[in-house]
Amino acid sequence: MKVVIVGGVAGGATAAARIRRLDEDAQIIIIERTGYISYANCGLPYFIGGVIEDPEDLTLQTPEGFWKRFRIEARIGQEATDIDASKKSITVREIKSGRLYMETYDKLLLSPGAAPVRLNLPGMNHERIFSLRTVEDTFHIRQFVLEHKPHSAVIVGGGFIGLEMAENLCDLGVRVTIVQKPAHLLNTLDADMAAMVHAKLRSKGISLKLGENVTGFEKDEGGLKVILKGHRYIKTDMVLAAIGVAPETALAEKAGLTLGLKKAIVVNDQMETSIPDIYAVGDAVLVKHYITGKETVIPLAGPANKQGRIAADNICGYDSHYRGTLGTSIIKLFDMTAASTGITEKAAREAGIDYEKVILSPASHAGYYPGAKVMTMKVLFEKKSLKLLGAQIVGFQGVDKRIDVIAAAISAGVKGDELKDLELAYAPPFSSAKDPVNMAGFMIENIAAGMIRQFHWEELGQLPTDGRVTLLDVRTEMEYQRGHIKGFVNIPLDDLRERMETLDANRPVYVMCQSGLRSYIACRILSQKGFDVYNCSGGYRIYEAMAGEYEISKRSYPCS
């Protein structure tokens, strides 16, 4: 059997190695356009920032290494230009020489990946405007930074690459501005969770221009101008365009393969395309979302690796199936970590799912052990079935552990209230006896049992202020004085039992604290005394983060 693989990196290289492990006699050829067959794509920003110092550390495998270990022929600096499915052949061009040749196959695997979305704007060809996808791009940007020592940079786009580059450039002493059209960074998070990311970036001196349209670029003395809508501009020494990626499927389209959303390649759960004996994996394929069941494009290394293995199994005659993608992701931003799995509130609404959420702010480990830090968790679940839909966590230590546990729970079909039953590792330096994941389960169980009813920060503006309800803040007097919501009266939790008679038992009571825990205790006290009570999920800290975002969005800012 002769297998030709177009594209290396995560999907293609993984598939090649798996095929060899399954079939020692197969002839395996990889055609890779760049000069690197398998490299640490996710590590590229950290080389630019100098965190990764040796360029060889970016290379996971070389053509020589592939041949020596697996007897796989990896041809770099070559690209497939045509597929003739009837003849089971592809046309390959050697990029340096321009020479064309034909290569036949028994099985063909496409792993072309995704390319940065290009800004089709005036001045886009300026030499100081960069994109980041390949190792070559990385070296080019790194060389520019070392030679020109830019004082400022504008990053257009607030996704993973954009934010990682912002961090690394900031650490190099570059003044960074992030500009994007959406109102908040990281579309894997909801606005309330992203607000904490915004605060962290601003604390590091990174300027955020959210809800802004870039209309073009102009040359400027020693740099360039980023033109914004309304004839405003930002002067800068360099620009990174990072507004996202799109499936690179020109070859597949030319060959007549069925394409779908975003022109991604349609595959079945065995990674087979619409043409027999042609498979496809990675960022270029349509996948089924594990929660919604809808087709989507999720360009992540983890799914690409799994798909490469599954395609290899089926190419070699085994029966292997891809179950779908949760989109589990994580990003480091200075000392902060933001992670998510499953779907956001926005996605749940768009899918027509009747959902509820819990928001909690537990410590990363036992509070009595030094160094514990607060994380904020949001867990979404379906109201009727308690099916877990997704989770978002922003914090410092232990975020990765909790998001992975919840992702595994979703994949295993664990329901929201069953999170309380998970037996997780505990020692004071690592967790609490009641792990944050267990705590989310307790909260969901309480809601399902009717022991607590919630209201959320976005509903605060809808609460009547004419005395029909009681708005109660149970934080300490000092906390209340530092900041509170107009209309909320302060009775600290520890004084509530003695001052309960000051509350009107005929009015609904909406209770708030800093994070939602003390207000929950207050709700349990009041409900058992006949009060109709509601707990503010996430507490004042979520409201404060969102109120801060609103105030910033109202301010005008001077252009540089």
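What you see is a predicted model; the values in this text were computed from it and never measured. Just so you know, these numbers use all the heavy atoms, side chains as well, and skip hydrogens, waters and symmetry mates. Along the sequence shown, residues carry numbers from 1.
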Open item on the list: Using the rule given for side-chain hydrogen bond (donor to acceptor under 3.5 Å, both in side chains), can you reason through S320 versus R309, listing the C-alpha separation, both sets of side-chain angles and the distance that settles it, and then say yes or no?
Closed with: CA-CA 9 Å; S320 191; R309 179 184 175 93; over 6 Å; no
To the nearest 0.5 angstrom, please state how far the [atom1] atom of [X] sits from the [atom2] atom of [Y].
| X | Y | atom1 | atom2 | value |
| --- | --- | --- | --- | --- |
| I403 | M375 | CD1 | CE | 10.0 Å |
| F130 | L240 | CZ | CG | 9.0 Å |
| K332 | D400 | NZ | CG | 13.0 Å |
| C170 | L333 | SG | CG | 11.0 Å |
| S364 | F430 | OG | CZ | 11.5 Å |
| H289 | I343 | NE2 | CD1 | 6.5 Å |

For the student: nearest non-hydrogen atoms of [X] and [Y], plus distance:
| X | Y | value |
| --- | --- | --- |
| P436 | R402 | CD-NH2, 3.5 Å |
| M238 | P150 | SD-CG, 3.7 Å |
| Y290 | I410 | CE2-O, 3.8 Å |
| I90 | L108 | CG2-CD2, 4.0 Å |
| V379 | A440 | CG2-CB, 4.0 Å |
| N168 | P45 | CG-O, 3.2 Å |

- [ ] Scan side-chain atoms only and decide if S207 and K209 contain a donor-acceptor pair under the 3.5 Å cut-off.
- [x]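 Indeed, the side chains of S207 and K209 share at least one donor-acceptor pair under 3.5 Å.
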TODO: Determine whether the side chains of Q78 and Y101 contain a donor N or O and an acceptor N or O closer than 3.5 Å.
DONE: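 Yes, because at least one side-chain N or O of Q78 sits under 3.5 Å from a partner of the opposite role on Y101.
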[atom1] ([X]) with more than 12 external heavy atoms under 6.0 Å:
| X | atom1 | answer |
| --- | --- | --- |
| R69 | CZ | no |
| K181 | NZ | no |
| H140 | NE2 | no |
| H321 | NE2 | yes |
| K263 | NZ | no |

Task: E350/K294 under salt bridge (charged side-chain N to carboxylate O under 4.0 Å, His left out): CA gap, chis, key distance, verdict - done: CA-CA 11 Å; E350 290 174 349; K294 294 182 178 180; over 6 Å; no
- [ ] Start with the C-alpha gap between T177 and T236, add the side-chain angles, then the distance that decides, and say whether side chain to side chain contact (heavy atoms under 4.5 Å, CB included) holds.
- [x] CA-CA 9 Å; T177 300; T236 188; over 6 Å; no
Open item on the list: Parallel, tilted or perpendicular: which one describes the rings of Y369 and H365, with boundaries at 30° and 60°?
Closed with: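 Ring orientation of Y369 relative to H365: perpendicular.
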Indicate yes or no for a side-chain donor-acceptor contact from [X] to the backbone of [Y] under 3.5 Å, with no hydrogens or angles considered.
| X | Y | answer |
| --- | --- | --- |
| R541 | S361 | no |
| R175 | S152 | no |
| D190 | M193 | no |
| D137 | R133 | yes |

TODO: Output all residues satisfying side chain to side chain donor-acceptor pair (under 3.5 Å) with D283, sequence neighbours left out; order by chain, then residue number.
DONE: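 Side chain to side chain donor-acceptor pair (under 3.5 Å) list for D283, sorted by chain: empty.
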Open item on the list: Using salt bridge (charged side-chain N to carboxylate O under 4.0 Å, His left out), reason through R323 and D269 one step at a time and then give a plain yes or no.
Closed with: CA-CA 7 Å; R323 296 176 59 197; D269 65 355; over 6 Å; no
Open item on the list: Would E24 and R71 count as a salt bridge (charged side-chain N to carboxylate O under 4.0 Å, His left out) here? Give the steps.
Closed with: CA-CA 9 Å; E24 181 60 25; R71 294 299 187 268; over 6 Å; no
TODO: With K2 as the cation and Y105 as the aromatic partner, state whether NZ or CZ is under 6.0 Å from the six-membered ring centre and within 45° of the axis.
DONE: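 Geometry flag: not set, cation outside 6.0 Å or 45°.
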Open item on the list: For R75, is there an ion pair with E73 - N to carboxylate O distance below 4.0 angstrom?
Closed with: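 Yes, this pair counts.
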Answer yes or no: is there a side-chain heavy-atom contact under 4.5 Å between [X] and [Y]?
| X | Y | answer |
| --- | --- | --- |
| L100 | V92 | no |
| I29 | I31 | yes |
| T34 | E136 | yes |

Task: Working for salt bridge (charged side-chain N to carboxylate O under 4.0 Å, His left out), residues D82 and K254 - done: CA-CA 7 Å; D82 285 287; K254 193 175 181 182; 2.9 Å; yes
Open item on the list: Tell me if the centroids of the rings in F47 and F139 come within less than 6.0 Å of each other.
Closed with: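 Yes, ring centres under 6.0 Å apart.
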Task: Worked check of side-chain hydrogen bond (donor to acceptor under 3.5 Å, both in side chains) between E272 and N314 - done: CA-CA 9 Å; E272 296 172 316; N314 290 303; over 6 Å; no
